[in-house]
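A short write-up of the structure that comes next.
Naming: A, B, ... by sequence-line order, numbering from 1 per chain.
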Amino acid sequence: MFHISETAIDTAALARELAQARAGACVTFEGWVRDHNESRSVVRLEYQSYASLAQVEGQRILAEACSKFAILGARCVHRVGTLEVGELAVWVGVSAAHRGAAFDACRYIIDEVKKRVPIWKNEHYAGGESGWLHP
Amino acid sequence: MSYRVLYFAALRDRANTDAESMDSQATDARGLYAELRARHGFTMGEDRLRVAINGEFVGWEHALRDGDEIVFIPPVSGG
């Protein structure tokens, strides 16, 4: 399940949802707000999303991961709104019988989310300037 | 025909609104974006954008229907 969240992500609850007797591996990825980007000092990020399409596209990515890799479960939650340095911006978790598929699927999900899901970050810099990232 | 256009990120800042309802003679997404570019002075070209209509990605030639919700999607930067 994919979700856009306006509040802090409960990672412990998400990890519990992935637990099952057949699972021998759980791989998680946490994307954190970093204090710099391309040599500029970043003080906070503001994430915006086109929530309805982000939900559909995020769910599609998780379904792709389930068909490409031998995994048992996958979850991803992405924050929107204003986030301070150090806060959790995105969480991905995958469970599988074996670690190889779990690592591969987790990597696939975060890479595709970053490429495809309509979410944008506005970097606020020390000094008061800000700018949307449209790579 | 009457359309609802939503704006995000740099396009939202440039248009100075998150959404607008408009009447237009445009019959596809390409024509509508050309009209909005002239109106708001968007600098981003079609090659940088994707199009979504009523919450699904579509091509630039997708025919518009009265009442459609249209979003021009700038390069994304989640994560």
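Counted within 6.0 Å of CD on B:Gln25, heavy atoms from surrounding residues, nucleotides or ligands total 12 or fewer; the atom is thus considered open. Dense packing is recorded around CD of A:Gln20, with more than 12 heavy atoms of other residues, nucleotides or ligands lying under 6.0 Å away. Within 6.0 Å of the CZ atom in A:Arg60, the count of heavy atoms belonging to other residues, nucleotides or ligands exceeds 12. By the 6.0 Å contact criterion, CZ on A:Arg116 is enclosed, its count of non-hydrogen atoms from other residues, nucleotides or ligands being greater than 12. Counting heavy-atom neighbours within 6.0 Å of A:Phe103 CZ, excluding the residue itself, gives a total of 12 or less.
With hydrophobic clusters built from ILVMFWY side chains whose heavy atoms lie under 4.5 angstrom apart, B:Leu6 does not share a cluster with B:Phe72. Following chains of ILVMFWY side-chain contacts shorter than 4.5 Å, one cannot reach A:Met1 starting from A:Val94, and the two form parts of different hydrophobic clusters. When hydrophobic clusters are built by joining Ile, Leu, Val, Met, Phe, Trp and Tyr residues whose side-chain heavy atoms come closer than 4.5 Å, directly or via intermediates, A:Leu14 is grouped together with A:Trp32. One hydrophobic cluster holds both A:Leu83 and A:Ile110 under the rule that ILVMFWY side chains link at heavy-atom gaps under 4.5 Å. Transitive grouping of hydrophobic side chains (ILVMFWY, heavy atoms separated by less than 4.5 Å) keeps B:Trp60 and B:Val71 in distinct clusters.
At least one donor-acceptor pair under 3.5 Å links the side chain of A:Lys121 to the backbone N or O of B:Gly79. Side chain of B:Arg50 to main chain of A:Pro118: no donor-acceptor pair is present (N/O by atom type, distance under 3.5 Å, no hydrogens or angles).
For the atom pair OG (A:Ser52) and CD (B:Glu69), the distance works out to 6.0 Å, reported to the nearest 0.5 Å. The line from CZ of B:Arg48 to NE2 of A:His134 is 8.0 Å long, rounded to the nearest 0.5 Å. Taking CG of A:Leu53 as the start and CD1 of B:Ile73 as the end, the distance is 5.0 Å to the nearest 0.5 Å. We find the CZ-CD1 distance between B:Phe8 and A:Ile119 to be 11.0 Å, quoted to the nearest 0.5 Å.
At a threshold of 4.0 Å, the pair A:Glu46-B:Arg12 does not count as salt-bridged, since none of the basic side-chain nitrogens sits closer than that to a carboxylate oxygen.
Neither the backbone nor the side chain of A:Arg34 comes within contact range of chain B; no heavy atom of the residue lies under 4.5 Å from a heavy atom of that chain. Interface remark: A:Tyr50 contributes backbone and side-chain atoms alike to the contact with chain B (heavy atom separation under 4.5 Å). The contact between A:Val56 and chain B is made entirely by side chain atoms (from C-beta outward), counting heavy-atom distances below 4.5 Å.
Of the residues considered (A:Gly131, A:Pro135, A:Gly31), A:Pro135 shows the highest number of contacts with chain B, using heavy-atom pairs under 4.5 Å. Put simply, of B:Gly55, B:Ala9, B:Ala10, the one with the most heavy-atom pairs under 4.5 Å next to chain A is B:Ala9. When each of A:Val90, A:Val117, A:Val80, A:Leu45 is scored by its heavy-atom pairs under 4.5 Å with chain B, the top score falls to A:Val117.
Using a 4.5 Å heavy-atom cutoff, the side chains of B:Leu11 and A:Trp120 are not in contact. A:Lys115 places none of its side-chain heavy atoms less than 4.5 Å from the side chain of B:Val76.
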